[in-house]
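Worksheet: the structure to be examined is printed underneath.
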Amino acid sequence: LSRDTVLVKVNKLPEVPITIVGGSNTICFNATATVQGPQVAGHTYQWYVDDVAVGTNSYQYSFIVKKDVVVKLRITDANGTVILHEYKTA
């Protein structure tokens, strides 16, 4: 009978807060809103508005608010861990 020891390191999930640029959580209709997640080297970013992929690989995304929407940010960190966070404009 042989035995091996395996050490497993569990990485903490990164936090993904979505904030409104400018410091106010008030978003007005027909105005441009800029939302952002954490800016971290080595992370990739995908934004969604009402579950439709939008934007580019950026920690920020700007859009004109035409209705109440759900904005989501999917971040993949350097370890391949995927985190999803959402923000509702309503």
Side-chain angles (χ1 to χ4, degrees):
L1 210 204
S2 65
R3 294 183 186 188
D4 289 327
T5 301
V6 176
L7 298 175
V8 176
K9 180 181 177 186
V10 177
N11 295 312
K12 179 183 170 188
L13 291 176
E15 293 189 23
V16 185
I18 296 177
T19 57
I20 305 300
V21 175
S24 172
N25 283 332
T26 302
I27 300 174
C28 297
F29 286 113
N30 295 316
T32 299
T34 300
V35 289
Q36 70 180 18
Q39 182 181 17
V40 180
H43 285 186
T44 59
Y45 303 88
Q46 179 59 63
W47 290 95
Y48 298 87
V49 174
D50 289 340
D51 293 321
V52 176
V54 294
T56 59
N57 183 23
S58 174
Y59 75 102
Q60 288 187 328
Y61 176 67
S62 295
F63 62 102
I64 297 175
V65 179
K66 296 289 187 183
K67 62 180 183 139
D68 290 333
V69 295
V70 175
V71 178
K72 295 180 183 178
L73 174 58
R74 179 178 186 250
I75 295 179
T76 305
D77 71 10
N79 298 314
T81 304
V82 174
I83 303 298
L84 185 67
H85 189 78
E86 71 179 46
Y87 179 88
K88 296 179 182 178
T89 61

*Trp47 CH2 to Thr56 OG1 distance, which is reported to the nearest 0.5 Å*: 10.5 Å
*Hey, could you give me the CG/CD1 distance between Leu84 and Ile18, rounded to the nearest 0.5 Å?*
8.0 Å
*With sequence neighbours excluded, what pairs up with Asn79 under the side-chain contact (heavy atoms from CB on, under 4.5 Å) test?*
Asn11, Asp77, Thr81
*asked:* Please enumerate all residues that pass side-chain contact (heavy atoms from CB on, under 4.5 Å) together with Gln46, with sequence neighbours excluded.
replied: Tyr48, Ala53, Arg74
*Answer yes or no: is there a side-chain heavy-atom contact under 4.5 Å between Val54 and Tyr61?*
yes
_Any side-chain heavy-atom pair of Val71 and Phe63 under 4.5 Å_ = yes
_salt bridge (Lys or Arg N to Asp or Glu O under 4.0 Å) between Lys72 and Asp50, worked out_ = CA-CA 8 Å; Lys72 295 180 183 178; Asp50 289 340; over 6 Å; no
Identify every side-chain donor-acceptor pair in residues 28-36 under 3.5 Å, counting partners at least two apart or on other chains, and give the distances.
from	atom 1	to	atom 2	distance (Å)
Asn30	OD1	Lys66	NZ	3.4
Thr34	OG1	Ser62	OG	2.6
Gln36	OE1	Gln60	NE2	2.7

*What is the minimum heavy-atom distance between Tyr45 and Val40, and which atoms define it?*
OH-N, 2.9 Å
